[in-house]
Amino acid sequence: MSDSEMHWWSATETAQRIAAKEVSSREVLEHMVARADHLDGPINAIVRRDLDRARATADAADAAVMSGQELGPFHGLPMTVKDSFQTEGCITTSGAPELADFVPPEDADPVRRLRDAGAVIWGKTNLPIWAGDIQSYNEVYGTTLNPFHPDRTCGGSSGGSAASLAMGFTSLEVGSDIGGSIRVPAHYSGVVGHKPSFGIVPSHGQIPGMPGTYSQADIAVTGPMARHVEDLELAMNVLTGPDRWNAPAWKIDLPAPRQESARDLRVAAWIDDPSSPVDTDTKRVLSALVSTLTANGVSVDDSARPGFTLEKAVDVFQRLLYGALSGGHPREKLDHMAADTSDTPLGFVKRNTAMRHRDWLSNHERRLQIRKRWEEFFFDFDIMLMPVQPRDAIEHDHTEPQFDRTVMIDGVQRPYTDLFTWVGPAGVAYLPATVVPVGMSEAGLPIGVQIVAPYLEDRTALHFAKLVSELCGGCPRPSAAT
C-alpha cells in the first residue's frame, strides 16, 4: 500500500518502515491524527489526546533512527491506548466522573512496556465506566459507535480500542479482559485481539482498582488488539513477563506452537450448544469456517468436548467473575446485595458479588476441576474453536440496572447475561483465546471466532489464528473508514 494508505499498514510494517527511513514517525503520527480529525467525530473512539508530548517523542524517535541507535520492536509507532490504563502526565478516567481530572504520576505497566519498545502514545480510547460493560459509554466522554453500524455498540470494555483499529486511527492497541472485554469488541468491530493466559502480562496501573492499587483481579488479563495477527504476536513478546513482585527471580518462556504448520494442529469446534444457542448468522458463519478449514487440510472434530457442560462452566465463571468485581463496593452495600433472594439475573449478580470467602473457595475448586478437564482435553486436541457471542453487535441499550437488560437472539428475548456465556469457558480456566473476524452477518456486521488453546500455549492460539485470518480474508473495513 502507498504512503497515503499508511493507516492500513500493520504495526509491524510501520515500525519496519520507520526503522528503514522510508517514512518518519512524525509523518505517521500526523497522518493518523489528521485521519482521526476527519473521521472520528461521529464514532467517538478517541476521547483524549496527548499531542505535544507525542510529537516530541516522535521527533526523538526519528533522531534515534538517523543517528543509528538501537531500536525497539515498535520504535516510532504511533498508537492509542484504552483509557483504563494510566498514562503518566495524561488524564486517565476509566470512564468515571470521579477521575475526570486525574493525571497519573506514572504509566501502567503495559503502557511502560510499550513505550520502552518505542511506541508513541498519542491518544486514549473510550470504554464503559470502570471498564464494566460490553458497551462503551460513560458520562465523561459519551458513547462510542460501531464503525459498521451507528445503531450498534462497538463492544466493551475495550470498545474504543476496537473502533480506533477498525477506523484506521491506530494499528495497535492494548485492552483488558475479565468478562470478554478484548474478545467481544474484536468480534463486534471486526478486528483481532488476544486474551492471554492469566498471569503472564502484568496489569499494574490499570483502573480499576483505583489508582495506587497493587493487587490484580482474578480472571482479569491485559492483551493486545490489532488488525493483523502478527502484530498480536509481536506485542505479546513486548507485554509478556513477570510482574513487579516476581521480576527478581521469575522468567517467562512461552512454548512454541505445538506444530510448525498450523494445518497440522488438531482442532475441535464447539460452535453451538442447547444451553446457550447462537443465532442463525453466527452458526452459518462458524459452520462455513469449519468447512473452509476442512477444505484446506485441517482436521476438525465438531463433536469433541471437554469433560464438562457449557452450563456448568458458565455458572462457575459468572460466580467468580462477579466475586472478582466486588472490590469497589462498601461493606454495607455488599451486605444488602447478599440479602437479595430474587430469582432474577440481577439477584444472581448481587449474591455472587457479595459471596463469602468460603463460597469463593468452593467455586475456585470447581474452577480447578474445569481446568483439569481442559488439560485432559488438550492431550488429544490443540485448539478449540468457539463463538465469541451468540450474535453480532447488539443495539445500544444504556438502561439501568445493567443486568435487568435483555437482548434479542434469533427473535427470542434473552437475559443480558447470556452475552457473557461463550467467553466463560476460556476465562474461568485462565486459557489464552485469540479472536479473528471470519465472516459477516446479514446486517453487515462482523462475526468473529474464539481460538482457544491450552494454558500458557498462547503461541499455538496465535499460530492458528494467522491461518484462519488468511483463509477468511483478514479484517473487514467499514464504509465509515473510507
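Worth saying up front: this structure is predicted, and the values here are computed from it rather than measured.
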Q: Indicate yes or no for a side-chain donor-acceptor contact from W8 to the backbone of S171 under 3.5 Å, with no hydrogens or angles considered.
A: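 Flag not set: sc W8 to bb S171 has no pair under 3.5 Å.
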
Q: Side chain to side chain donor-acceptor pair (under 3.5 Å), that's the test. Do K124 and T93 meet it? Break it down for me.
A: CA-CA 10 Å; K124 305 295 292 294; T93 72; over 6 Å; no

Q: Side chains of T125 and E173: any donor to acceptor distance under 3.5 Å?
A: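 Yes, side-chain donor-acceptor contact under 3.5 Å.
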
Q: Hey, does the Lys NZ or Arg CZ of R48 hover above the aromatic six-ring of Y141, less than 6.0 Å from the centre and inside 45° of the axis?
A: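 Geometry flag: not set, cation outside 6.0 Å or 45°.
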
Q: Are any of the side-chain heavy atoms of Q86 and D107 separated by less than 4.5 Å?
A: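 No, side chains not in contact.
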
Q: Say whether D279 and T282, considering side chains only, have a donor N or O and an acceptor N or O under 3.5 Å apart.
A: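 T282 and D279 do have a side-chain donor-acceptor pair below 3.5 Å.
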
Q: Using a strict 4.0 Å threshold on nitrogen-to-oxygen distance, state whether R55 and D59 make a salt bridge.
A: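 D59 and R55: not salt-bridged.
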
Q: Taking the six-membered ring of W9 as reference, does the cationic atom of R17 (NZ for Lys, CZ for Arg) lie under 6.0 Å from its centre and within 45° of its axis?
A: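 Yes, R17 and W9 form such a contact.
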
Q: Looking at S157, S161, P208, which one forms a side chain to side chain contact (heavy atoms under 4.5 Å, CB included) with S176?
A: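 Considering S157, S161, P208, a side chain to side chain contact (heavy atoms under 4.5 Å, CB included) with S176 is found only for S157.
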
Q: Determine the interplanar angle of the W360 and H364 rings, folded into 0 to 90°, and report it as parallel if under 30°, tilted if 30 to 60°, perpendicular if over 60°.
A: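 Parallel: the ring planes of W360 and H364 meet at under 30°.
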
Q: Report yes or no: does S203 contribute a side-chain atom to a donor-acceptor pair with the main-chain N or O of Q206 at less than 3.5 Å?
A: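 Looks like no, no N/O pair under 3.5 Å.
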
Q: One thing to verify: whether E400 and R405 come together as a salt bridge, which I'm taking to mean a side-chain N less than 4.0 angstrom from a carboxylate O.
A: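 Yes.
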
Q: What side-chain hydrogen bond (donor to acceptor under 3.5 Å, both in side chains) pairs are there with at least one residue in residues 438-450, not counting sequence neighbours?
A: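 The answer is R183-Q450, D392-S441.
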
Q: Could you tell me the separation between the CG atom of L145 and the CE atom of M167, rounded to the nearest 0.5 Å?
A: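 Going from CG on L145 over to CE on M167, the span is 10.0 Å.
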
Q: So, D359 and R356, do they make that salt bridge, N to O below 4.0 Å?
A: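 So D359 does not pair with R356 through a salt bridge.
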
Q: Looking only at side chains, do S94 and S84 share a donor and an acceptor under 3.5 Å apart?
A: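 S94 vs S84: no donor-acceptor pair found between side chains.
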
Q: Please walk me through it: do D218 and Y430 pass side chain to side chain donor-acceptor pair (under 3.5 Å)?
A: CA-CA 9 Å; D218 183 28; Y430 295 163; 2.6 Å; yes

Q: List the steps and the verdict of salt bridge (Lys or Arg N to Asp or Glu O under 4.0 Å) for R49 and D37.
A: CA-CA 11 Å; R49 301 182 181 201; D37 285 344; 2.6 Å; yes

Q: How are the rings of W245 and Y214 set relative to one another: parallel (under 30°), tilted (30 to 60°) or perpendicular (over 60°)?
A: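 The arrangement is perpendicular - the two ring planes meet at more than 60°.
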
Q: Any salt bridge linking R115 with E88? Criterion: basic side-chain nitrogen under 4.0 Å from a carboxylate oxygen.
A: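 Result for this pair is no, no salt bridge flagged.
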
Q: Between Y322 and F403, how do the two ring planes meet: parallel, tilted or perpendicular, split at 30° and 60°?
A: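 Perpendicular: the ring planes of Y322 and F403 meet at over 60°.
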
Q: Is it true that the side chains of Y416 and D133 contain a donor and an acceptor less than 3.5 Å apart?
A: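 Yes - a donor-acceptor pair under 3.5 Å links their side chains.
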
Q: Are a donor atom and an acceptor atom from the side chains of S342 and T344 found within less than 3.5 Å of each other?
A: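 Distance-only check passes for S342 and T344.
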
Q: If you measure only the distance, is there a donor-acceptor pair under 3.5 Å linking the side chains of N126 and D83?
A: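 Checked: N126/D83 side chains show no N/O donor-acceptor pair below 3.5 Å.
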
Q: Does the T353 side chain pair with the main chain of V349, one donor and one acceptor, at a distance under 3.5 Å?
A: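 Pair found, side chain donor or acceptor close to backbone of V349.
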
Q: Which is it for T12 and D231 under the side chain to side chain donor-acceptor pair (under 3.5 Å) test, yes or no, and what are the steps along the way?
A: CA-CA 6 Å; T12 303; D231 292 341; 2.6 Å; yes

Q: Taking the basic N atoms (NZ, or NE/NH1/NH2) and the acidic carboxylate oxygens, is any pair closer than 4.0 Å for R366 and D315?
A: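 Yes.
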
Q: What I want to find out is whether D177 reaches K195 closely enough, with some N-O distance under 4.0 Å, to be called a salt bridge.
A: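 Looking at D177 and K195, the cut-off is not met.
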
Q: D458 and H194: side-chain donor and acceptor closer than 3.5 Å?
A: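 Checked: D458/H194 side chains pair up, N/O donor to acceptor below 3.5 Å.
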
Q: With the threshold set at 4.0 Å, does a side-chain nitrogen-carboxylate oxygen contact exist between R112 and E106?
A: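 Salt bridge absent between R112 and E106.
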
Q: Under 3.5 Å, is there a donor on one side chain and an acceptor on the other for T406 and Q413?
A: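 Indeed, the side chains of T406 and Q413 share at least one donor-acceptor pair under 3.5 Å.
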
